[in-house]
Structure formats: C-alpha cells, structure tokens
**Student:** 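Take this structure first; my questions come after.
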Amino acid sequence: MKHQIKSLVSQSIQALQQAGTLDNHIEPNIKIEHARDKKHGDYACNIAMILAKQAKKNPRELAEEIINHLPVSSLVEKTEIAGPGFINFYMSANAFHSVVTDALDQKQAFGRSDIGKGKQIQVEFVSANPTGPLHVGHGRGAAYGATVSNLLEAAGYNVHREYYVNDAGRQMDILGTSVWLRYLDLCGETIVFPKNGYQGDYIWDFAANLHRENGDKFRHPSDKVFNAVPADEGEDGGDKEAHIDGLIKNARALLGEQDYNTVFEEGLNRILDDIRQDLEEFGVTYDDWFSERKLFTNGSVDKAIKRLQDAGHAYEQNGATWFRSSDFGDEKDRVLVRENGIKTYFASDIAYHMDKLERGYDRVIDVWGADHHGYVPRVKAALKAIGDDPDKLDVLLVQFAVLYRNGEKVQMSTRSGEFVTLRELRDEVGNDAARFFYVMHKCEQHMDFDLDLAKSRSNDNPVYYVQYAHARICSVWRQMQEKGFAFDETAGRNALDKLVEQHEQDLMNNLSRYPEVVESAAINHEPHQIAYYLRDLANHLHTYYNALQFLVDDADVRNARLVLISAVRQTLQNGLELLGVSAPESM
RNA sequence: GCGCCCGUAGUUCAGUUGGAUAGAAUAUCGGUCUCCGACACCGAAGGUCACAGGUUCGACUCCUGUCGGGCGCGCCA
C-alpha cells in the first residue's frame, strides 16, 4: 500500500515539474511512513519539507500544491496538511479490504515479493570449528543466519546457504591428539591430559568408539608419547602451547600418516555429524558444507597467494610471505605463509572468498561472531588487491549472547569443555522458543540470555503469545463447527464493509503492513522486525478477540469476521515460518 | 594505547534510516470469565534517550569530545 501512495505522490511531483513549479532534474526521494498517531491519518509523507528549500516555497504551500496535483484514487479517502508540512493520507475502507483478500488469495505467498529479482546471494553462517558440539553462542548465529536467508528468499533473492568447515589447521590437530590421548588412557596407559587439549566429555566418547572398533591398534607406551615434550603449563612455569605441539609431533611420528588420519577423522566426522544433526533439528539446513581442506588439496590457496604475488601486493620478510594489506585499508600487513612453510588461516580464507566471488554470486554475506570484527578489513583488503569488488561482501557481525544462570554470568570456554550446548538449550526451552528468542534482538545488540527465563515455559517468552494467537483462531473454527455454523468465505469477502469496528480497522491496517515489514527486514537483514511485528499483530488479534464475538448470528458479520481472522491466521503462519517457528493449531 | 560495537522506564529491549506528545514486554498496583481458550484483555504508575557541545525548520537518530560496558588488536584458527 505504501508503494501505491508513493506512486501517487510521484505522479503529482512530476506534474509540478512539468508545470515548472519544481526543477525537472531533481529526482525526489519520496518516503511514505505510517503515521504514529491515528490523528494523523494512516500514512504520512514529508516530501514537501524536503523540497521546500529548492522550490523556494514554504513547506505548507508546497504541500498544498502537491495535494492539488494528486491523481484521483479510490484508495485515498482524504488528505490533510499538518504540522510543519506533513501530508497525511487517510485511506478508504476499500483499501484495507483488499489486503484481507490478498492474504487469502496469496496464502503462503502473502508477504513475499520479487524485489530481489532472482539475484544470486550466498549466505555463510555458523561455520563453527568442528572441534566440539555447538554451544549457545553458535545458536544465535544459526538462528540469525537461517532467518536472514529465509527473509532474502521471501524478498525474491536466490539464496545459497553454506557452512564453511574449518577442517584444516592446528586446532584440528589438537582435537585429533586429544582423542588419541583419551584413547590411550582407555587402553590403560597413564596419561596426564594436557591443559590445552579439549577437555569435553564428548572426547571420551570418540575415544571409546575408537577403542571399541580398533582395540589396541593405536596404542603406544606413554613414555614414548611424552618423549622430549616440553613441560605443560603449571605452577612452576611450563608452556602449554609448546607442550601440545610436542604431543602432536609425537602423535604423527608414532602413528604414521594413515593411522594418524584415522584417529583424526574419527574426531572430525563424529563432530560434523553431530553438528549437522543438531542444526537440522533446529530447522537450519544448508545447500553446501564447504571444506577448507579442499582449498589446500585443489590448489586454491596457492592460486590465491600467487594472484597476490603477481599483482605485486606480496613480499618476503624474515622468511615469511606477507600480504601488503595496509595498502588497502588494513591497519598492518598480514602473513600468508609462515617461516615454517605453513600457510595461515588467513591465506585459505582469501582463497575461500575468492572462490565465492568466482562462483558468480551477486552478493555474498558472511555472518560472523563479533569477536572476528577485526578480521573484516583484511578480507576486504585481499578482495580489493586481487581486483574483486569488496562491496559485494557484507559481513554481518553478531554480538555475543551473554548467558545468565541464577542471576549470574555463565563463563564459557570451548577448550575447557565448560559451556551450555545448543542441544541442551533446545531440549530445555524447545526449538520454537530458542529460534524466536535468538532473533528478537538486533544482531549488533549485546544480548543477555537469561537461561532460567528462557527455560521457564511461562508467557515471559513472547513466542507463546504469538503461537497462542494462531491457536486461538484455529480454536474458533472448532467452536464454529460445534455450534453448527458453516463458514461461507465468498459471503464473507462480499461483506467486508460490515467490518466497521475500530478493532477491525486496526487489524486490517496491521495486516497491510506485513509485506512492507518483510521487505524491510530482508533488505536490512533485521529478523527482529518480524518478531516485533508478529507480537504486535498477535496483540491486535487478542484485543479484538476479547472485545467482540466472532460467532454471531448475523451471517454477513460472522463470515466477514471469520474472513478477517483467517487472513490474520495466514499472516501469523507466514511470519512464524520465516522465523523457523511452528504455528500450532492448539497448545 | 589504537580500532569496532553498545549505552533509551527498576529490568530486558523496540524506535519505520532526520519527523509530530520517545513505545512494548516484564516487575509493581488496580480492574475484566453465565460469553468463540484468562497461555488473554483493559487501566495506572514508571524517562535529564550516559554527559557536554555542534549541524537545521526539526536530533534518541548525523558530527566532535568526555565517561561507562563488551570485543578485538599473533608467523593462532
């Protein structure tokens, strides 16, 4: 509806331009807003105030002229000039009736649009290192990324969802070695587990599985395992990094490449399967799980480094290969290949982003935890250096969710194994509540996640409030049948002019906003707009429900009201679907 | 020290990209079931939009500075 009003204003301004009142070459940025106060009508436009200066007129006079040149439309009941020069639009009843029938005609498609024009867009999210189960911090990225993807799809984009699997590098070696040490312990070896190893119980599970399937095949005496390994961090000094590196080195030497890989894969695959299943149960699915190791084995990383070298943006220093990223807006240069010949994570990440853009996406979105924010300039620098357009990449930073339990902050550390997993959260609060809770806030907003509150099944959690509105409408249908009424949709559609109550006007007005909200939420990557909208719509429905009876004797009024709440039900269902939340028929 | 994010009701958060009297939820207090589900509704109270300047018709929103909180500043991933 906003678009239609905008079009009217635009036509009026064109007319004024032809009449010479306004300059021809000005392309006015017309914005139509919902009036905050009903006294100001349904919509408001501030264009007269914006153009007043260049038209050398006072805003109210200009507003007057714009109104005089507005084309006639059945949608607009009347217009008014208000305040410093706002043009207020009062919509006709017909205008809102059409929204109700739109929702019923379009069904699941109500709210969808084609503003994306089928453009290819890739969204990469979660991409947690496969070193353990997902925790509640990843949950926010998962819910956010999945919902942004849904929104973009609803706005007419062609969305490709991807998980970047960091299955290369030192963290993976630490994981493999951790599994092996636990395995050795199960074999009966005396093992002092390293401070820097992965402490979580799931490591024991993997080790037990390894032992069950292979017996003592990978067993080596502990004195050889710890042979020549620097001391672990302790009260009398020591170095936990050097300690674990020594253990990794011994693991490789004792096991040999093949056995080492078997142990390594045991950890990696078990964890990936777990993550995949966890996310699937959470309603989060991917088109592709992209392996970092593949970038090394297929030469992409070498190619990326070579491209930087060929373009003259790389140099050698102290035995390492550097990227002169400071030439492209980064605060300092970055290492691509270390002195020991090992390529950095950054090098493979350049290759990954290069690969993304080569795949031909019009736009690429990365959803990252806010702790990676310092990483954005260097990735963009790399894209710029190799001649790609860094503006095609949008990095959406999701702030941490700080957990509170019993009113106290919960400290989390992946390495120490002390964290609340996403699965635990889902088991306790349910998928619906978790999905809704996560996207209720802007992603850049620090979020206090009160576990006790989220776990409680009280209506403190707004998801129940919205779901209840949906269930309530379904319940009306059940009641209707019990009372022996039949719903005549055609009659209802023809009787929409019976919906004269203020509650009904408000509800229709509210419905008319839905397509605009979806569009705005998609463009701005702001799922919380949907959450707030749904709460508002549910509130209007509940208020209506409490104020008026739907199943009345007057058939026209009854059918019209049922048509209206049927449209509301469809809209609630569509909105919840976008958020990955179910719309139950009863609760 | 430098960089990014944040600061709005007791608390958790919105605020339509610079618009009209800053809004919800929750907590507190009061009211509403002979009635389609009270998992709901209605009302009251609650604010120096961290602070100080600046930009303009107009600032919670943009700019500068100060204060406070979070995160990041590796030849880690």
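The sequence lines fix the lettering, A, B, ..., with proteins before strands; numbering per chain opens at 1.
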**Student:** From B/rC13, B/rG19, B/rC71, pick the nucleotide closest to the side chain of A/H441?
**Tutor:** B/rC13

**Student:** Give me the ring orientation class for A/Y352 and A/F290: parallel if the planes are under 30° apart, tilted from 30 to 60°, perpendicular past 60°.
**Tutor:** tilted

**Student:** For A/R140, what residues pass the side-chain hydrogen bond (donor to acceptor under 3.5 Å, both in side chains) criterion, not counting sequence neighbours?
**Tutor:** none

**Student:** In chain order, what residues pass the ring pair (Phe, Tyr, Trp, His ring centres under 6.0 Å) check against A/Y163, with sequence neighbours excluded?
**Tutor:** A/Y286, A/W289

**Student:** Quick one: which protein N/O atoms are closer than 3.5 Å to N/O atoms of nucleotides 75-77 of chain B? Pair and distance per line, please.
**Tutor:**
from, atom 1, to, atom 2, distance (Å)
B/rC75, O2, A/E339, N, 2.7
B/rC75, N4, A/N318, O, 3.1
B/rC76, OP2, A/R338, NE, 2.9
B/rC76, OP2, A/R338, NH1, 2.3
B/rA77, OP1, A/R338, NH2, 2.9
B/rA77, OP2, A/Y345, N, 3.2
B/rA77, O3', A/A168, O, 3.2
B/rA77, O2', A/N129, ND2, 3.0

**Student:** Taking only residues at least two apart or on different chains, which pairs with a member in residues 164-178 of chain A satisfy salt bridge (charged side-chain N to carboxylate O under 4.0 Å, His left out)?
**Tutor:** A/D167-A/R293, A/R170-A/E241, A/R170-A/D245, A/D173-A/R252

**Student:** Going by atom type alone, with no hydrogens or angles, which donor-acceptor pairs under 3.5 Å involve a side-chain atom of residues 368-379 of chain A and a protein atom two or more places apart or on another chain?
**Tutor:**
none

**Student:** In whole angstroms, how far is the P atom of B/rG7 from the CD atom of A/Q399?
**Tutor:** 11 Å

**Student:** Can you give me the N/O atom pairs linking the protein to nucleotides 41-45 of chain B at distances under 3.5 Å, or say none if there are none?
**Tutor:**
from, atom 1, to, atom 2, distance (Å)
B/rC41, OP1, A/Y465, OH, 2.3
B/rC41, OP1, A/N539, OD1, 3.4
B/rC41, O4', A/N546, ND2, 2.9
B/rC41, O3', A/T543, OG1, 3.3
B/rC42, OP1, A/T543, OG1, 3.1

**Student:** With stacking defined as ring centroids separated by under 5.5 Å and planes differing by under 30°, is A/F86 stacked against B/rA20?
**Tutor:** yes

**Student:** Do A/D536 and B/rA25 share a donor-acceptor pair, side chain to base, under 3.5 Å?
**Tutor:** no

**Student:** I'd like a table of atom pairs between the protein and nucleotides 67-69 of chain B - only N or O on both sides, under 3.5 Å - with the distance next to each one.
**Tutor:**
from, atom 1, to, atom 2, distance (Å)
B/rG69, N2, A/H446, NE2, 3.3

**Student:** Under 4.0 Å between any heavy atoms, over every strand shown, what does A/Q549 touch: base, sugar-phosphate, or nothing? Just pick one.
**Tutor:** base

**Student:** The side chain of A/A44 lies closest to which of these nucleotides: B/rG3, B/rA20, B/rC36?
**Tutor:** B/rA20

**Student:** Rounding to an integer number of Å, can you tell me how far A/R140 CZ sits from B/rU12 P?
**Tutor:** 14 Å

**Student:** Would you state whether a donor and an acceptor, one from the side chain of A/H373 and one from the base of B/rC71, lie under 3.5 Å apart?
**Tutor:** yes

**Student:** Check ring pair (Phe, Tyr, Trp, His ring centres under 6.0 Å) between A/H313 and all other residues, then give those that pass, not counting sequence neighbours.
**Tutor:** A/F328

**Student:** If you check every side-chain atom of A/Q445, which of B/rA14, B/rC36, B/rA40 has the closest atom?
**Tutor:** B/rA14

**Student:** Under 4.0 angstrom, heavy atoms only, what part of the nucleic acid is A/S586 near: base, sugar-phosphate, or nothing?
**Tutor:** base

**Student:** Under 6.0 Å from the CD atom of A/Q479, do we count more than 12 heavy atoms belonging to anything else shown?
**Tutor:** yes

**Student:** Given pairs defined as Watson-Crick or G-U wobble with both distances under 3.5 Å, what dot-bracket annotation applies to RNA chain B, with ( ) intrastrand, [ ] crossing, | other strand and . unpaired?
**Tutor:** (((((((..((((.....[...)))).(((((.......))))).....(((((..]....))))))))))))....

**Student:** Residues two or more places apart in sequence or in another chain: which of them pass ring pair (Phe, Tyr, Trp, His ring centres under 6.0 Å) with A/F485?
**Tutor:** none

**Student:** By salt bridge (charged side-chain N to carboxylate O under 4.0 Å, His left out), which residues pair with A/E65, not counting sequence neighbours?
**Tutor:** A/K57

**Student:** My understanding is that only residues two or more places apart in sequence, or in another chain, count here; which of them pass ring pair (Phe, Tyr, Trp, His ring centres under 6.0 Å) with A/Y532?
**Tutor:** none

